[in-house]
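Please read the structure below before turning to the comments.
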Amino acid sequence: MEQKRIVVGVAGGIAAFKACTVVRQLKEAGHSVRVVPTESALKFIGAATFEALSGQPVHTGVFENVDEVPHVRIGQQADLVVVAPATADLMARAAAGRADDLLTGTLLTARCPVLFAPAMHTEMWLHPATTDNVATLRRRGNVVLEPASGRLTGADTGPGRLPEAEEITTLAGLLLERGDALPYDMAGVKVLVTAGGTREPLDPVRFIGNRSSGKQGYAVARVMAQRGADVTLIAGNTSGLADPAGVEVVHIGSAAQLGAAVTKLAPEAQVLVMAAAVADFRPAQVATAKIKKRVDDDSAPSVELVRNDDVLAGAVRARADGQLPNMKVIVGFAAETGDANGDVLFHARSKLKRKGCDMLVVNAVGEGKAFEVDHNDGWMLSADGTETALEHGSKTLMASRIVDAIGALVHR
Ligand code: CTP
């Protein structure tokens, strides 16, 4: 991505130290970063730290370098403003349209996407004053992240933790790629996402697995949650991905466990996104003790496989039988290669028909494509015959386009 001008606003909270990692990651992605802390942020982290990390001067007030009119210029020139952490006080001032320091002045003059990453105690986050301010900021097109749940400053826990720096910079990258704000259009929608690969056990230490990294499904869960959905993620094996903020994660191992989790949770859901790479077969027998090679015998054992249930097709059937009255949209994923019978889209069209889902997201796979990489492209095929190409971009950008399409189906 070309170099962008990013303003990182830092408000005065204990999580201000995490802003250092945010600045570093955005710099490493090749962007120009200007840090604008509040006076209180500097009680936690010194200006010298932010100056050294960003390579740019750090000011907090509107009466420094007045000849350059920084409270107007910094906002006008920004491609993105990220406020991390955004305290209750900072969001109250931003919602009220105050301009009593350089950061709030910058927020008033910025015309680019603005991302707030809140961090505060649970009571402050849940207070109606904060809820109203967050709603006001969202209504104006700002993105206000869901805070993570977990340990806060003291011994207490609850929603209010600053999401990990990686989560913040991933969503910052998404806003730059999209070039527009992320709509807050899935509030109250219950979404079930499966992601990652299943592991079919052979014995207590071995399994048959696959190369799915889980990145695409995690990105869908992350973007859904940040657009307001109530998301449960059924996670198989992934490449060590962190739980997305604001998402309930259920970890599973085998295809049978994934199927059981979907059966249990699907009746509540309005949207099911089957991004998991579910094994079609499992070993017929699972040895209770580790399978040993024999010293006196060179022969290799053979493994008999049996079919696993098709979870996606099962959900489509259950809905047709009236067992999933809330379910509005079922999305399948397919990783395809072309062969002598037809190209990727030919196979995808027949898979969409066979599975009977509302939408199929298709990737072409092969060396260096789709699996384990961060960038991807593909198509979305809908049951009504619409075919939309997904532009090449990060898996988070693809997820946001997929959620755009799901949103249109949910709200039709
Ligand atoms: N899927 C599923 N249960 C399975 C296998 C696949 O729910 N036992 C889902 C996947 O999560 C995905 C979709 O079905 O959303 C397509 O997966 P894919 O492996 O491409 O489909 P298959 O029917 O297994 O087709 P193929 O014969 O091409 O492997």
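Order of appearance sets the numbers: ligands from 1, and atoms from 1 within every ligand. It should be emphasised that the depicted structure is a prediction, and the values quoted were computed from it without experimental measurement. Note: hydrogens, waters and symmetry copies are ignored here, and every other heavy atom, side chains too, is used.
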**Message:** Less than 4.5 Å apart, side chain to side chain, heavy atoms only: is that true for Pro244 and Gln226?
**Reply:** no
**Request:** Write out the residue and atom name of the closest protein heavy atom to atom 22 (P) of ligand 1, then the distance separating them to 0.1 Å.
**Result:** Lys355 NZ, 3.7 Å
**Request:** Nearest heavy atom to atom 29 (O) of ligand 1 wins, so pick from Asp280, Thr194, Leu352.
**Result:** Asp280
**Asked** Gly332 to ligand 1: N or O pair under 3.5 Å?
**Response** no
**Request:** Could you tell me whether the side chain of Ser254 reaches within less than 4.5 Å of the side chain of Thr198, counting heavy atoms only?
**Result:** no
**Message:** Set out, in order, the CA-CA distance, both residues' side-chain angles and the distance that settles side-chain contact (heavy atoms from CB on, under 4.5 Å) for Phe116 and Val134, then state yes or no.
**Reply:** CA-CA 9 Å; Phe116 291 91; Val134 168; over 6 Å; no
**Message:** Please list, in number order, the atoms of ligand 1 under 4.0 Å from a heavy atom of Ala279.
**Reply:** 8 (N)
**side-chain hydrogen bond (donor to acceptor under 3.5 Å, both in side chains) contacts in which one or both residues fall within residues 276-289, not counting sequence neighbours** = Arg282-Asn308
**Message:** Could you check whether any heavy atom of Lys351 sits closer than 4.0 Å to an atom of ligand 1, since that is the contact criterion I want to use?
**Reply:** yes
**Prompt:** So, the side chain of Asp321 versus the backbone of Gln323: is there a donor-acceptor pair under 3.5 Å, distance only?
**Reply:** no
**Asked** Roughly how far, to the nearest 0.5 Å, is the OG1 atom of Thr396 from the NE2 atom of His375?
**Response** 8.5 Å
**Prompt:** Among Val82, Asn142, Val8, whose side-chain contact (heavy atoms from CB on, under 4.5 Å) with Leu115 holds?
**Reply:** Val82
**Item:** Any N or O of Ala313 closer than 3.5 Å to N or O of ligand 1
**Value:** no
**Complete:** In terms of its nearest heavy atom to atom 7 (O) of ligand 1, the top option of Asn210, Asn308, Leu312 is Leu312
**Request:** May I ask you to identify the nearest protein heavy atom to atom 11 (O) of ligand 1, giving residue, atom name and distance to one decimal place in Å?
**Result:** Ala276 O, 2.8 Å
**Asked** Would you say the side chain of Lys355 lies within less than 4.5 Å of the side chain of Val316, judging by non-hydrogen atoms?
**Response** no
**atom 15 (O) of ligand 1: the protein heavy-atom neighbour that sits closest, reported with distance to 0.1 Å** = Met274 O, 2.7 Å
**Message:** I'd like to check whether Glu336 has a polar contact with ligand 1, where a contact means an N/O of the residue lying under 3.5 Å from an N/O of the ligand.
**Reply:** no
**Prompt:** Hey, does Ala275 sit under 4.0 Å from ligand 1 if you only count heavy atoms?
**Reply:** no
**Prompt:** So, Asn133 versus Thr130: side-chain donor-acceptor pair below 3.5 Å or not?
**Reply:** no
**Any N/O pair Ala335/ligand 1 closer than 3.5 Å** = no
**Asked** Which residue supplies the protein heavy atom nearest to atom 13 (C) of ligand 1, what is that atom called, and how far is it?
**Response** Phe333 O, 3.1 Å
**Request:** Would you check the N or O atoms of Val331, main chain and side chain alike, for any that come under 3.5 Å of an N or O of ligand 1?
**Result:** no
**Request:** Answer yes or no for Ala255: is there a heavy-atom contact with ligand 1 below 4.0 Å?
**Result:** no
**Fill in**
atom 27 (O) of ligand 1 sits nearest the protein heavy atom Arg354 NH2, 4.5 Å
**Check: Lys27 and Leu53 side chains under 4.5 Å, non-hydrogen atoms** = no
**Request:** Quick one: list whatever passes salt bridge (Lys or Arg N to Asp or Glu O under 4.0 Å) with Asp309, sequence neighbours left out.
**Result:** none
**Message:** Give me the nearest non-hydrogen protein atom to atom 8 (N) of ligand 1 as residue plus atom name, then the distance to 0.1 Å.
**Reply:** Asp309 O, 2.9 Å
**Request:** Looking only at protein heavy atoms, identify the closest one to atom 3 (N) of ligand 1 and say how far it is in Å.
**Result:** Val311 N, 3.0 Å
